[in-house]
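These numbers come from the heavy atoms of this one structure, side chains and all, not from hydrogens, waters or symmetry mates. As the structure is a prediction and not an experimental result, all values here were calculated from the model.
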Amino acid sequence: IYFASNSPSSHVKTVLRALGLSKLLKSNNNNILAPDTIIDQDEMDYPTKANPNIFFKSLLDKYNNKKSRLILIDDSKLNIQKASEIGIEGILVNKNKNDDDDKNKKKTTLE
């Protein structure tokens with residue numbers, strides 16, 4: 001199990017602890033994919049799941065590009081779409097039934 005987030009790895013660890021899931025972290029935390037854990041950042045300053053070729057590169061390399069072994073579970077339709085563009089299956093989980101999830105998050109934040 002890998003945890004992929006557009007947030008820094010410290011936030012991922014905090015959330016997993018709060019959810020009682022920190023036992024799923026490997027001792028060296030190398031099963032967290034976050035912008036601050038991605039080593040090859042030559043192509044961009046802050047890689048995110050919206051750029052899956054860069055964001056998921058370490059996993060794709062590790063599993064010899066066997067994308068069928070990877071499933072992204074995410075609350076962002078954009079992240080799911082981007083992952084599917086490179087052959088990674090995605091499952092959208094979202095308590096907000098509106099398809100325009102990213103826009104609604106911004107709108108809610110601004111109100």
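Within the model, atoms NZ of K82 and OG1 of T48 stand 9.5 Å from one another, a figure rounded to the nearest 0.5 Å. Atom CD of residue E89 and atom OG of residue S84 lie 10.0 Å apart, to the nearest 0.5 angstrom.
Residues I80 and I91 have side chains not in contact (no heavy-atom distance under 4.5 Å, counting atoms from C-beta outward). Between V12 and L33 the shortest side-chain heavy-atom distance does not fall below 4.5 Å. Taking 4.5 Å as the limit, some side-chain heavy atom of L16 sits within range of a side-chain heavy atom of F3. Between N79 and N6, some side-chain heavy-atom pair lies under the 4.5 Å cut-off. Residues L59 and I88 have side chains not in contact (no heavy-atom distance under 4.5 Å, counting atoms from C-beta outward). A 4.5 Å side-chain heavy-atom check between K49 and L72 finds at least one atom pair inside the cut-off. Here the side chains of K62 and Y2 are in contact, with some heavy-atom distance below 4.5 Å.
Remark: side-chain polar atoms of D74 are not paired, donor with acceptor, to backbone N or O of G90 under 3.5 angstrom. In this structure a side-chain-to-backbone donor-acceptor pair under 3.5 Å is present from D36 to S9. Listed for the N31 side chain is a donor-acceptor partner under 3.5 Å among the backbone atoms of K26.
Closest approach of I54 to P47, counting heavy atoms only: CG2-CB, 3.9 Å. Across L25 and K13, no two heavy atoms sit closer than the pair CD1-CG, 3.9 Å. Between P35 and S5 the shortest heavy-atom distance is CD-O, 3.2 Å. Contact detail for A34 and P8: the closest heavy-atom pair is CB-C, 4.1 Å. The two residues F55 and A4 have their closest heavy-atom pair at CE2-CB, 3.7 Å.
A chain of hydrophobic side-chain contacts below 4.5 Å, direct or via other Ile, Leu, Val, Met, Phe, Trp or Tyr residues, connects I1 to I32. In the hydrophobic cluster analysis, where Ile, Leu, Val, Met, Phe, Trp and Tyr join through side-chain heavy atoms closer than 4.5 angstrom, V93 is grouped apart from V15.
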